[in-house]
Amino acid sequence: MAEAYIVDAARTAGGRRNGKLAGWHPADLGGEVLNALVDRTGVDPAAIDDVIMGCVTQAGEQAFAFGRNAVLASKLPDSVPAVTIDRQCGSSQQAVQFAAQAVMSGMQDVVIAAGVESMTRVPMFSNVTLHQKAGLGVGPFSDRIKARYGVEAFSQFVGAEMIARNYGFDRETLDRFALESHRRAALATRAGAFETEIVPVPVETSDGIRPHVQDEGIRYDATLESIGSVKLLQEGGVISAANASQICDGASGALIVSERALKTHNLTPIARIHAMTVTAGDPVIMLEEPIRATRRALERAGMTIGDIDIYEVNEAFAPVPLAWLQAIGGDPAKLNVNGGAIALGHPLGATGAKLMATLIHALRARGLRFGLQTMCEGGGTANVTIVEAL
């Protein structure tokens, strides 16, 4: 089978809600990452066959062929097409997999997989709530769906509480995991571990225009006590905003090419797509599917978890990666080695390619070979991508 290579993967530093990236239109933010991938790799922009853009809340500034708008906001020629996809939190991880599939099939040679989410300018769920306020429709879940699953709605927050209960995680366990996420992210930032993956974005500061190059969400002074003081999301539960992912603005992308393109454009790959899968399961508990998806991906690849050097499991809620570790038998030291979304933020549609950038650069920095990325997604789906660093 033909191979798919990643020539570069990059991301913006995360911006807090109403933080440093709040002034950026999301199409322009996406355009910055597209520009950076061209500049960093030296690829001919006119050679790009397609841009596959992940975005979850496709409303307002992220509506109307959003991926195409990011191309139009970049320096790519307008001959480059684009498409916008929504697989919820896995949108840009799916973009990576769709790009790899296009290249491996021989239909295309140079594809950018990317993702953008401005959770400040296009708030989460606003594509639903604004219709509700206007009295338009009954929402995304029909009576037939509700009757099939015996629920009035599907909630990721409920799913996170269910996982914590099923796996026996109390609040202190979750808070300790959250503290470790901040600790690792702070250490990585201070050591310059993210420098090779971050695209500088100019922002207005009190000192004038400065490049935004450091994730805003990291709490360098976090303690177990400060995390434990945050109010629980529901009475009697264990999930709080402090042991869940942070609302975040950001963009990310990866340039994925065929072997022919490597030679034609004199490109040097940093990784190879080794295996990929997507599965779906229970939409009520919703967030447990990365476990089944990982088992399937490893089986199809003829690997065990012991063959994987680093794993990126999205920290949507602390119980998700903890349950994954317990069920898969992973090594906590290999999980989210530079911190995760609890500290670094979860810019929904951008997180998939963001984690891919972090995974590949972490592998290369350590001289390691195989990395696995997975994340829980709305509706009970999960993607798994295994890469080999080169």
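Only heavy atoms go into these numbers, but all of them, side chains included; no hydrogens, no water, no symmetry mates.
Using a cutoff of 4.0 Å between basic side-chain nitrogens and carboxylate oxygens, K75 and D39 are scored as salt-bridged. In this structure, E299 does not pair ionically with R295, as no charged nitrogen and carboxylate oxygen lie closer than 4.0 Å. The pair E180-R183 meets the salt-bridge criterion, with a side-chain N (NZ, NE, NH1 or NH2) lying under 4.0 Å from an Asp/Glu carboxylate O. Checked for salt-bridge contact, R260 and D109 meet the test: a charged N lies under 4.0 Å from a carboxylate O. For D282 and R292, the salt-bridge test fails: no basic side-chain N is under 4.0 Å from an acidic carboxylate O.
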Show the numbers, then the answer: is there a side-chain hydrogen bond (donor to acceptor under 3.5 Å, both in side chains) between N314 and E312? CA-CA 6 Å; N314 191 38; E312 283 287 333; over 6 Å; no
Run the numbers on D249 and T120 for side-chain hydrogen bond (donor to acceptor under 3.5 Å, both in side chains), then give the verdict. CA-CA 7 Å; D249 302 334; T120 296; 2.7 Å; yes
Audit row: T385, Q93, side-chain hydrogen bond (donor to acceptor under 3.5 Å, both in side chains) steps and yes/no: CA-CA 8 Å; T385 314; Q93 184 174 359; 3.0 Å; yes
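Of the inter-residue distances, the one linking I285 atom CD1 with Q156 atom CD reads 13.5 Å to the nearest 0.5 angstrom. Atom CE of M53 sits about 10.5 Å away from atom CG of D50, to the nearest 0.5 Å. The CD atom of E289 sits 10.5 Å away from atom CG of N383, with the distance rounded to the nearest 0.5 Å. Residue D49 holds its CG atom at 10.5 Å from CD1 of I112, rounded to the nearest 0.5 Å. The distance from atom OG of S74 to atom CD of E32, rounded to the nearest 0.5 Å, is 9.5 Å. Rounding to the nearest 0.5 Å places CG of L298 at 8.0 Å from CG of D307.
Take W324 and apply the ring-ring contact (aromatic ring centres under 6.0 Å, His included) test, not counting sequence neighbours, and it matches Y311.
Between the side chains of E315 and S181, at least one donor N or O lies within less than 3.5 Å of an accepting N or O. No side-chain donor-acceptor contact under 3.5 Å links T57 and N127. For E288 and Y167, the side-chain atoms include at least one donor-acceptor pair closer than 3.5 Å. R272 and H274 form a side-chain donor-acceptor contact under 3.5 Å, judged by distance and modelled atom types alone. Between the side chains of E197 and T358, at least one donor N or O lies within less than 3.5 Å of an accepting N or O. Side-chain atoms of S229 and S226 include no donor-acceptor pair closer than 3.5 Å. Side-chain contact check for T189 and Q214: no donor-acceptor pair (N or O, by modelled atom type) lies under 3.5 Å.
Between H182 and G217, the closest heavy-atom pair is CE1-O, 3.7 Å. The shortest heavy-atom contact between L363 and F370 is CD2-O, 3.5 Å.
In the hydrophobic clustering of this structure, V103 does not group with M107; members are Ile, Leu, Val, Met, Phe, Trp, Tyr whose side-chain heavy atoms approach within less than 4.5 Å, directly or through other members. In the hydrophobic cluster analysis, where Ile, Leu, Val, Met, Phe, Trp and Tyr join through side-chain heavy atoms closer than 4.5 angstrom, V387 is grouped together with V111.
Other residues, nucleotides and ligands place more than 12 heavy atoms under 6.0 Å from the OH atom of Y220.
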